[in-house]
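Below: one structure, written as structure tokens.
As the structure lists them, so they are numbered: ligands from 1, and atoms in each ligand from 1.
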Amino acid sequence: MILAVETSCDDTSAAILGRDGGLLGHVIATQDMHGEFGGIVPEVASRAQVKVIDHVVVRALAEAGTSIGDVDAFAVTAGPGLIGSLLVGLNWVKAAAYALGKPFIGIHHMEAHLFAGALEDGRAEPPFVALLVSGGHTLLLYVESWGRYHLLGQTRDDAAGEAFDKVARLLGLGYPGGPLIERLAREGDGSRHPFSTPMVRAAQREEDDDYYDMSFSGLKTAVLMRVRELEAEGRLEKEVAHLCAAFQSAAVEQLTEKTLRAVRASRCQRVVLGGGVARNGALAAAIRGRLGREGELIVPSPRLATDNAAMVARAARYRLGLGERSGLDLNAEADLPMPGIV
Ligand code: KG4
Ligand code: ZN
């Protein structure tokens, strides 16, 4: 039985994975005070983590109907993320493992996102193409097997979720921006303010170094310019939903095109999404549409797409199974490199 903790950013989560791999308990406490700042304030986030972590773990154990003494091993996100937040979970898990004399393992946050789909869908087994789209990272991988990841492309500037958050902020919508933009985009007409799709050119070839890479900051600036024009003309308010639709459509088209390039090159028709932006219905619909009938798209349920400890427990189950363990000298790393990149 694995007890996992995830505190890499603003959410505090604990999960219990049973000996047969089933999820027995899972609690996610979301911080709601960041909206007023238009983004996460790290110091505020880590202080709030300290306040709730004990309670979150106790609730997860209660939900699983078990006690901490029955835990066989502990797992925790060791990076990447906000250092102050990471340290809260890491120190909690180190202390518990030391006190109980049980092993523990530090897990890479993006590898955890990669395993989210496998928690609830038996088809999410390698080989597959993975698109991991979160607030801090955007990775396009060919997953040959668990632990062997070919990095095909990544963002050159902002992460996909970060772009949603920044555009929401400049439209005055609040935080997190993704869900707010998605909702407004449904009422908008993207063709009123067409933005070109970043990093997609005619006659781009696989040898080109921008073939799989992505970029979001130019798109964000294009939205900003349009916002300023509309503001000067006094018609921004009426156009917000249209801008959301146009931004989302360009962002989704970029992610979809790059993913389909990976599908073609790897000849692998199975695609697994992960990370908070995987909650975006327009993204899933676009990829599903382009994959066609031979393709398989696996999208984690919303609760498992955004940050959660269940995915950390699932990745830990794999790594502990290989005999891997962390030592008490393990430190949190804000820029921890992804393991298994080949
Ligand atoms: O994976 P995640 O919970 O945290 C990180 O590891 O960063 O992802 C959070 C990100 C935020 O940027 C949020 O705006 C985005 O996921 N997000 C969405 C949607 N729901 C959450 N982006 C687009 N559409 C959504 N429906
Ligand atoms: Zn995440």
Looking at [Y] and [X], is any side-chain nitrogen of the basic one under 4.0 Å from a carboxylate oxygen of the acidic one?
X      : Y      : answer
Asp210 : Arg156 : no
Arg264 : Glu257 : yes
Glu111 : Arg319 : yes
Arg290 : Glu253 : yes

What atoms in ligand 1 come closer than 4.0 Å to a heavy atom of [X]?
X      : value
Thr306 : 3 (O)
Gly177 : 14 (O)
His113 : 1 (O), 6 (O)
Gly136 : 7 (O)

request  = Give a yes or no on whether Arg226 atom CZ has more than 12 heavy-atom contacts from other residues, nucleotides or ligands under 6.0 Å away.
outcome  = yes
key: Check: Gly275 N/O within less than 3.5 Å of ligand 1 N/O   = no
key: Gly178, any N or O under 3.5 Å of ligand 1 N or O   = yes
query = Checking side-chain contact (heavy atoms from CB on, under 4.5 Å) for the pair Leu170/Lys220: CA distance, chi angles, key distance, verdict?
reply = CA-CA 9 Å; Leu170 62 91; Lys220 173 198 66 195; 4.3 Å; yes
Measure the distance from [atom] to every protein heavy atom, then report the residue, atom name and distance (to 0.1 Å) of the closest one.
atom                    : result
atom 26 (N) of ligand 1 : Glu182 OE1, 2.8 Å
atom 6 (O) of ligand 1  : His109 NE2, 3.0 Å
atom 2 (P) of ligand 1  : Asp307 OD1, 3.3 Å
atom 21 (C) of ligand 1 : Gly276 O, 3.4 Å
atom 9 (C) of ligand 1  : Gly135 N, 3.8 Å
atom 12 (O) of ligand 1 : Asp165 OD2, 2.7 Å

key: Intermediate values then yes/no, ring pair (Phe, Tyr, Trp, His ring centres under 6.0 Å), Phe164 and Phe247   = CA-CA 9 Å; Phe164 274 89; Phe247 160 75; 5.0 Å; yes
message = Can you list everything that forms a side-chain contact (heavy atoms from CB on, under 4.5 Å) with His55? Sequence neighbours excluded, please.
response = Arg59
key: Partners passing side-chain contact (heavy atoms from CB on, under 4.5 Å) against Glu207 (at least two apart in sequence or in another chain)   = Arg205
request  = With heavy atoms only and a cut-off of under 4.0 Å, state how Asn280 meets ligand 1: side chain, backbone, both or neither.
outcome  = both
query = Hey, is His137 touching ligand 1 through its side chain, its backbone, both or neither, going by heavy atoms under 4.0 Å?
reply = neither
Please list, one pair per line, the donor and acceptor atoms closer than 3.5 Å that link side chains of residues 94-104 to other protein atoms, with sequence neighbours excluded.
from, atom 1, to, atom 2, distance (Å)
Lys94, NZ, Leu328, O, 2.9
Lys94, NZ, Leu330, O, 2.6
Lys102, NZ, Val71, O, 3.0

ask   = For the Zn ion (ligand 2), which protein N/O/S atoms are closer than 2.8 Å?
value = His109 NE2, His113 NE2, Asp307 OD1
Donor-acceptor side-chain pairing of Asp157 and Ser215 below 3.5 angstrom = yes
note = Between Arg235 and the options Glu233, Glu237, Glu231, the salt bridge (charged side-chain N to carboxylate O under 4.0 Å, His left out) test singles out Glu233
key: Passing option when Leu114 is tested against Met338, His108, Met311 for side chain to side chain contact (heavy atoms under 4.5 Å, CB included)   = Met338
task = Answer yes or no for Gln248: is there a heavy-atom contact with ligand 1 below 4.0 Å?
result = no
